[in-house]
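These numbers come from a predicted model, not from an experiment.
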Amino acid sequence: MASFASFVEISRYNLIPLSVTSLCGCPCHILSNKTLIPTRRTPKLKLNFVFHGSKSVFRVCPTSIYVNRRLITAVARAEPESIDESNAEEEVDQGAVLPTTKDSFSELQHKSSQLRKRIVFGLGIGISVGGAVLAGGWIFTVALAAAVFLGAREYFELVRSRGITAGMTPPPRYVSRVCSVICAFMPILTLYFGNIDISVTSAAFVVATALLMQRGNPRFAQLSSTMFGLFYCGYLPCFWVKLRCGLAAPALNTRIGAGWPFLLGGQAHWTVGLVATLISFSSIIAADTYAFLGGKAIGKTPLTNISPKKTWEGAIVGLGGCIATSVVLSKILSWPASLVSAIAFGFLNFFGSVFGDLTESMIKRDAGVKDSGSLIPGHGGILDRVDSYIFTGALAYSFVKILLPLYGV
């Protein structure tokens with residue numbers, strides 16, 4: 001034993017230096033726990049002491065650590081100066097860093113997988129929504145009703161969460177389900193009747209009566225959150241039906257409409273409602289995309305405490321992208337006729353998009369959740385995807401129906 005080095009063999013022969021000087025020479029003392037630093041727990045831990053220059057291997061049982069202390073003591077006394085404890089501790093510290101690197105790699109893989117899912121499902125949703133908008137009529141309305149039903153379910157689940165219902169009895173589950181069904185029927189009734197004011201008022205009265213007559217301790221928060229749910233998830237999305245299907249005047253100057261196949265409706269298929277809906281949807285997508293990229297690149301000033309990740313710099317970039325998209329599409333689709341109208345339409349789309357996004361963020365913050373649901377992989381819930389569209393439909397419809405005829409631009 002002229003010279004030796006000691007190692008601890010763990011699992012599949014991964015050698016970690018073990019300092020022998022930390023082992024007490026007295027058999028009556030317990031071994032120092034600083035010499036063995038396992039980096040992870042395993043069901044079966046195999047420890048072997050291997051000494052250079054010797055074929056002997058001292059095995060350590062998993063249940064109890066027993067070694068020949070006299071032999072190790074003799075070895076330690078033979079050449080104590082040949083042991084470099086500082087180097088051993090440094091290598092042990094380096095070994096402890098390995099799991100952190102592995103965790104970082106796993107986290108990177110998870111983020112990459114989430115990004116792929118986000119892109120794939122985002123493209124799928126975009127193509128499906130674009131097809132429904134082009135089809136119009138019942139196809140568009142039924143697709144919107146399905147999205148409204150799923151969004152209403154997520155909303156009323158958020159309302160029933162502990163963060164919102166703290167200190168009060170949550171709304172009965174049957175009320176939430178009935179409200180979700182009522183919201184889903186609103187777009188269909190809008191297409192059929194053209195106006196649902198009386199239906200919405202009647203439904204709100206019935207739901208309010210059910211809440212007031214429930215057992216327990218009825219609270220105003222229950223009533224207000226439920227009424228807001230009918231308005232937020234059901235009534236506001238109906239303006240998209242009014243915009244897409246209600247404004248049936250043909251957009252005669254649209255170049256795409258002139259070459260549209262006759263079997264798909266010909267030029268008459270390209271109405272003012274279709275053109276306005278396409279520009280509005282595209283402007284909202286541009287606003288979200290440019291705001292995200294701008295915030296990542298130059299965002300420093302928080303926009304609001306409701307959503308700390310949103311910045312003023314990102315909002316300005318998003319506004320510019322939204323207006324630019326509106327202007328470019330107005331030139332391609334030849335609607336609206338003036339540049340001022342295209343800019344105003346883009347500004348309204350951006351304002352409605354941001355307002356809807358912040359409203360949903362406020363609801364989720366009070367509920368204490370990050371996403372409204374997990375329906376769409378990589379995106380969260382349906383409300384996380386449509387929050388920017390909820391208020392925008394009403395603004396876009398008001399712009400086309402009221403402002404344009406009023407000012408003649």
Side-chain angles (χ1 to χ4, degrees), residues 110-111 114 117-118 121-122 147-173 175-176 179-180 183 211 219-237 284-285 287-296 299-319 322 349-395:
H110 177 70
K111 290 183 178 180
Q114 288 294 104
K117 290 181 180 180
R118 189 180 184 90
F121 281 91
V148 166
F149 176 75
L150 296 174
R153 288 292 301 270
E154 291 181 354
Y155 169 81
F156 285 107
E157 286 299 321
L158 292 176
V159 169
R160 292 178 55 84
S161 64
R162 294 181 179 179
I164 294 180
T165 60
M168 73 173 190
T169 304
R173 190 170 295 276
V175 173
S176 302
C179 289
S180 299
C183 291
L211 287 173
R219 301 288 295 272
F220 175 73
Q222 296 178 338
L223 181 62
S224 60
S225 61
T226 305
M227 294 299 104
F228 179 76
L230 292 175
F231 172 77
Y232 180 73
C233 299
Y235 182 73
L236 287 176
I284 293 171
I285 295 173
D288 291 342
T289 303
Y290 281 99
F292 174 78
L293 296 177
K296 284 289 185 180
K300 294 181 179 180
T301 309
L303 179 63
T304 175
N305 293 331
I306 296 176
S307 184
K309 292 184 178 181
K310 291 180 174 58
T311 61
W312 277 106
E313 293 81 3
I316 294 173
V317 174
L319 175 61
C322 184
N349 286 321
F350 175 78
F351 180 77
S353 171
V354 173
F355 188 78
D357 193 349
L358 293 178
T359 300
E360 200 240 354
S361 297
M362 180 176 60
I363 297 173
K364 291 190 298 183
R365 186 188 65 174
D366 287 351
V369 297
K370 180 182 179 182
D371 297 323
S372 63
S374 57
L375 179 65
I376 309 174
H379 292 264
I382 191 72
L383 281 181
D384 295 319
R385 292 300 90 204
V386 303
D387 53 359
S388 299
Y389 298 82
I390 293 177
F391 289 95
T392 313
L395 294 177

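Here Phe228 pairs with Tyr232 under the ring-ring contact (aromatic ring centres under 6.0 Å, His included) rule; sequence neighbours left out. Partners of Glu360 under the salt bridge (charged side-chain N to carboxylate O under 4.0 Å, His left out) rule, at least two apart in sequence or in another chain, are Lys364. Remark: Arg365 engages no residue in a salt bridge (charged side-chain N to carboxylate O under 4.0 Å, His left out) (not counting sequence neighbours). A search for side-chain hydrogen bond (donor to acceptor under 3.5 Å, both in side chains) contacts involving Thr226 returns nothing, not counting sequence neighbours. Checked against salt bridge (charged side-chain N to carboxylate O under 4.0 Å, His left out), Asp387 has no partners two or more places apart in sequence or in another chain. Residues satisfying the salt bridge (charged side-chain N to carboxylate O under 4.0 Å, His left out) criterion with Glu157, sequence neighbours excluded, are Arg173.
Here the options are Phe355, Phe350, Phe351, Tyr235, the test is ring-ring contact (aromatic ring centres under 6.0 Å, His included), and the partner is Phe391; only Phe355 passes.
Inter-residue side-chain proximity for Thr301 and Glu313 is flagged as met; some heavy-atom pair is nearer than 4.5 Å. Residues Leu383 and Ile390 are in side-chain contact: their nearest non-hydrogen atoms beyond the backbone lie under 4.5 Å apart. Put simply, the side chain of Leu375 reaches to within 4.5 Å of the side chain of Glu154, judged on heavy atoms. For the pair Ser388 and Asp288, the minimum side-chain heavy-atom distance is below 4.5 Å. Counting heavy atoms from C-beta outward, Leu211 and Pro172 have side chains that approach closer than 4.5 Å. In this structure, Leu395 and Asn349 have side chains that are not in contact, with every pair of non-hydrogen atoms separated by 4.5 Å or more.
Minimum interatomic distance between Ser225 and Val159 (heavy atoms only, all atoms of both residues): OG-CG1, 3.5 Å. The shortest heavy-atom contact between Cys233 and Gly151 is SG-O, 4.2 Å. Across every non-hydrogen atom of Phe156 and Ser180, the tightest pair is CD1-OG, 3.8 Å. Summarising the geometry of Ala287 relative to Cys322, their closest heavy-atom pair is CB-CB, 3.8 Å, with the distance given to 0.1 Å. Of all heavy-atom pairs between Gly381 and Ser372, the closest is CA-OG, 3.5 Å. Contact record, Ser353 with Ile284: OG-CG2, 4.0 Å, taken as the closest heavy-atom pair.
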Candidate pair Leu236 and Tyr389, rule side chain to side chain contact (heavy atoms under 4.5 Å, CB included), full reasoning: CA-CA 9 Å; Leu236 287 176; Tyr389 298 82; over 6 Å; no
Candidate pair Lys310 and Asp357, rule side chain to side chain contact (heavy atoms under 4.5 Å, CB included), full reasoning: CA-CA 10 Å; Lys310 291 180 174 58; Asp357 193 349; 3.1 Å; yes
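Rounding to the nearest 0.5 Å gives a distance of 12.5 Å between CD1 of Ile382 and CZ of Phe149. To the nearest 0.5 Å, the span separating CG on Leu158 from CG on Asp366 amounts to 10.0 Å.
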